[in-house]
Amino acid sequence: MSPKEVVQKFYNSDLANNSEAVDLCFHKDCSLSWHSSKGFNVLDFEALKLVFEEVRKMYDTLRFETSHLLAEGNMVTIRYTSYFTTVENPNEEMPLAHFTTIWEVKDDKIIKGFQMSQLADSSSESLNSF
């Protein structure tokens, strides 16, 4: 599987409902350096699993709309907006955040990531910014 296919597999894995997505797509020694609107964090494999456990509790669906997916060697860059629905309101999909992430893939698993995110708003300018 190419590095680009590995990253696509992760983003297509129904993260709101798939408890095995991190196990299937991430190397046990992975790390994600994440600059968000709430500050900087470094997440390891166990921390990523916890993040997506929380996602599964909070959201009924989580969808990614990708604007860019570029690969060079074992590095993959993806730019996307995430959208969610909740159990309480399954008919209204809302934008969550805009992301740009650079992933490094090793042995068909994601091993390292560098991510920047910003909370999304519902304005058409924000959602059509790419």
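The shown structure was predicted, so the numbers you read here are calculated from the model rather than taken from an experiment. When a residue number appears, it is its place in the shown sequence, counting from 1.
Hydrophobic cluster membership differs between Met116 and Val76, with clusters built from Ile, Leu, Val, Met, Phe, Trp and Tyr side chains linked at under 4.5 angstrom. If you chain together hydrophobic residues whose side chains sit under 4.5 Å apart, Leu50 and Leu96 never meet in one group. Under a hydrophobic-cluster definition in which Ile, Leu, Val, Met, Phe, Trp and Tyr are linked whenever side-chain heavy atoms come within less than 4.5 Å, directly or via other members, Val105 and Leu24 are assigned to different clusters. When the side chains of ILVMFWY residues are joined at heavy-atom separations under 4.5 Å, either directly or via intervening members, Ile102 and Leu70 end up in two distinct hydrophobic clusters. In this structure, Leu32 is not a member of the same hydrophobic cluster as Ile111, with clusters built from ILVMFWY side-chain heavy atoms closer than 4.5 Å.
Ring centroids of Phe45 and Phe26 are separated by 6.0 Å or more, keeping the two rings apart. A ring-centre distance under 6.0 Å is found for Phe10 and Phe52.
In this structure, the side chain of Asn18 engages the main chain of Glu20 through a donor-acceptor pair within 3.5 Å. The backbone N or O of Ser2 sits less than 3.5 Å from a side-chain atom of Glu5, completing a donor-acceptor pair.
Shown here for Val6 and Cys25, the closest heavy-atom pair between the two residues is CG1-O, 4.4 Å. Contact record, Asp60 with Pro90: OD2-CB, 4.1 Å, taken as the closest heavy-atom pair. Looking at every heavy atom in both residues, Trp34 comes nearest to Ser117 through NE1-OG, 2.8 Å. Annotation for Gly73 and Pro3: closest pair O-CG, 3.4 Å, computed over non-hydrogen atoms.
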Lys49/Glu46 under salt bridge (charged side-chain N to carboxylate O under 4.0 Å, His left out): CA gap, chis, key distance, verdict: CA-CA 5 Å; Lys49 286 184 76 156; Glu46 292 303 320; 5.2 Å; no
Could you walk me through whether Leu62 and Val55 pass the side-chain contact (heavy atoms from CB on, under 4.5 Å) check? CA-CA 8 Å; Leu62 185 65; Val55 164; 3.8 Å; yes
Run Thr66 and Ile78 through side-chain contact (heavy atoms from CB on, under 4.5 Å) and show every step you take. CA-CA 7 Å; Thr66 301; Ile78 186 167; 3.8 Å; yes
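One distance of note links NE2 of His98 with CD of Glu65; it measures 10.5 Å at 0.5 Å rounding. The structure places CG of Asp108 at 11.5 Å from CG of Asn74, a figure rounded to the nearest 0.5 Å. Summarising the geometry, atom NZ belonging to Lys112 is positioned 5.5 Å from atom CD belonging to Glu104; distances are rounded to the nearest 0.5 Å. Leu48 CG to Ser31 OG: the interatomic distance, rounded to the nearest 0.5 Å, is 9.0 Å. Summarising the geometry, atom CD belonging to Gln118 is positioned 13.5 Å from atom NE2 belonging to His35; distances are rounded to the nearest 0.5 Å. In this structure, Arg63 CZ and Thr85 OG1 are separated by 10.0 Å, a value rounded to the nearest 0.5 Å.
Exactly one of Phe114, Tyr80, Tyr83 qualifies for a ring-ring contact (aromatic ring centres under 6.0 Å, His included) with Phe99. That residue is Tyr80.
Relative ring orientation between Tyr11 and Phe64 is described as perpendicular, the plane-to-plane angle rising above 60° on a 0-90° scale split at 30° and 60°.
Counting non-hydrogen atoms of other residues, nucleotides and ligands closer than 6.0 Å to NZ of Lys28 gives a total above 12. For Met75, the CE atom sits in a packed shell: over 12 heavy atoms of surrounding residues, nucleotides or ligands are nearer than 6.0 Å.
Within the 4.5 Å cutoff, the side chain of Arg56 has heavy atoms near those of the Ser19 side chain.
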